[in-house]
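Here the structure comes first, spelled out in structure tokens, and everything after it is commentary.
Numbering of ligands and ligand atoms starts at 1, following listing order. The first residue in the sequence is number 1, and the count goes up from there.
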Amino acid sequence: MKVAFTGGKGGTGKSTIAVNVANVLSKFGKVVLIDADAGCPNDHIFFGAELRNGTPVELFVPIINDRCDLCERCVDACPENALIKLNGKIKVFPNMCNGCGTCKIVCPRNAIDNGKKVVGHVYFSKLRGLDLLTASIVEGEKESLHAINKAKSLARGDYDFYIYDTSAGTGSSVVSVLEDADIIVAVTEPTPFGAHDLKLILDITSQLNKRTFVVINRSDIGDNSKIERLCNERGVRVISRIKFDRELVKYYINQKLLDENVDAYSEIKKIANFIRGESS
Ligand code: SF4
Ligand code: SF4
């Protein structure tokens with residue numbers, strides 16, 4: 001069973017919930033948690049794990065060889081404007097190149113060799129009870145998709161539960177994770193921004209035809225009616241309402257996993273049990 005925890009907006013508590021649900025599920029089956037927030041991965045911190053010895057994520061970058069006659073077909077075809085003719089040479093801007101390979105395909109003189117650049121890493125951590133794969137992009141890189149796809153491809157194994165923690169927003173890297181999931185859990189909060197971003201997520205999950213459920217975090221700090229109404233209209237079930245809890249904030253600040261001493265833990269167990277039910 002593949003479950004994606006997402007939330008259009010940042011700061012809804014999505015990662016805290018995803019990590020803790022994964023931790024509870026690990027008592028019932030084999031779990032891999034995939035941190036797909038490649039621009040700012042932080043799931044490992046909850047487990048006190050360090051990111052070491054990552055598998056590099058490499059992309060093709062063109063290297064222009066001596067056969068080039070400066071016809072500029074590659075320059076015209078490049079979708080990222082990563083090539084220009086300058087001082088009698090074709091200059092490549094690797095930071096702008098997305099590795100699509102179009103330049104190599106259109107070159108009539110076989111004047112482009114294969115170069116590569118590292119755009120990110122995927123880190124594997126064996127933790128107590130579960131495996132963690134962390135996708136991460138290198139500084140200056142904007143595109144997370146390649147690192148996330150690599151993490152997904154490395155999540156091979158006989159796992160009972162694949163738990164994805166997406167980044168905020170509704171960009172292509174988030175959609176690629178949602179596409180892969182059996183069910184989606186959208187984490188939101190009762191604020192106008194929360195309702196607005198939840199609507200965007202529900203639009204996407206409905207287009208993807210994915211079963212989607214909602215968790216309202218900090219459910220007692222605002223007016224839930226907009227969110228509840230939206231969920232009713234869309235036929236989406238709210239599976240948990242987690243109240244604001246000062247103890248939970250302390251655990252979050254200290255990057256600790258939740259336990260029975262925190263009221264919210266019962267809701268985390270409820271979400272985990274719901275997922276177990278859906279997987280059987
Ligand atoms: S691989 Fe694609 S993006 Fe990169 S230089 Fe070639 S055409 Fe442009
Ligand atoms: S398409 Fe090939 S030959 Fe033409 S400018 Fe580009 S690298 Fe040179």
Where's the contact between Val106 and ligand 2, heavy-atom distance under 4.0 Å: side chain, backbone, both or neither? neither
Starting from [atom], locate the nearest protein heavy atom and write down its residue, its atom name and how far away it is, to 0.1 Å.
atom	answer
atom 3 (S) of ligand 2	Asp69 OD1, 3.4 Å
atom 8 (Fe) of ligand 2	Cys68 SG, 2.4 Å
atom 6 (Fe) of ligand 2	Cys74 SG, 2.3 Å
atom 4 (Fe) of ligand 2	Cys71 SG, 2.3 Å
atom 5 (S) of ligand 2	Glu72 N, 3.2 Å
atom 7 (S) of ligand 2	Ile112 CG1, 3.7 Å
atom 2 (Fe) of ligand 2	Cys107 SG, 2.4 Å

For Phe274 and Phe213, what are the C-alpha separation, side-chain angles and deciding distance, and is it a ring-ring contact (aromatic ring centres under 6.0 Å, His included)? CA-CA 10 Å; Phe274 175 81; Phe213 304 92; 4.7 Å; yes
Atom CG of Asp76: over 12 foreign heavy atoms under 6.0 Å: yes
Please determine whether the number of non-hydrogen atoms from other residues, nucleotides or ligands lying under 6.0 Å from atom NZ of Lys199 exceeds 12. no
What is the number of protein N, O or S atoms that sit under 2.8 Å away from atom 4 (Fe) of ligand 1? 1
Cation-pi check, Arg276 onto Phe28 ring (under 6.0 Å, within 45° of axis): yes
May I ask you to check if Lys91 and Phe93 form a cation-pi contact, with NZ or CZ under 6.0 angstrom from the six-membered ring centre and within 45° of the axis? yes
Side-chain donor/acceptor pairs under 3.5 Å, residues 231-242, sequence neighbours excluded:
residue : atom : partner : partner atom : Å
Arg234  : NH1  : Asp203  : OD1          : 3.0
Arg234  : NH2  : Asp203  : OD1          : 2.8
Ser240  : OG   : Glu267  : OE1          : 2.6
Arg241  : NE   : Glu228  : OE2          : 2.9
Arg241  : NH2  : Glu228  : OE1          : 3.1
Arg241  : NH2  : Glu228  : OE2          : 3.3

When you check the gap from the basic side-chain N to the acidic O, do Glu179 and Lys210 get nearer than 4.0 Å? no
Under 4.0 Å between a Lys/Arg side-chain N and an Asp/Glu carboxylate O for Lys14 and Glu189? no
Are any side-chain N or O atoms of Asp35 and backbone N or O atoms of Asn42, one a donor and one an acceptor, separated by less than 3.5 Å? yes
Closest non-hydrogen atom pair between Cys97 and Pro62, with its separation: SG-CD, 4.0 Å
For ligand 2, which atoms sit closer than 4.0 Å to a heavy atom of Pro108? 1 (S)
Numbered atoms and elements of ligand 2 in range of Ile90, under 4.0 angstrom, heavy atoms: 5 (S)
Looking only at side-chain N and O atoms, does Asn224 offer a donor or acceptor that is under 3.5 Å from a partner on Ser219? no
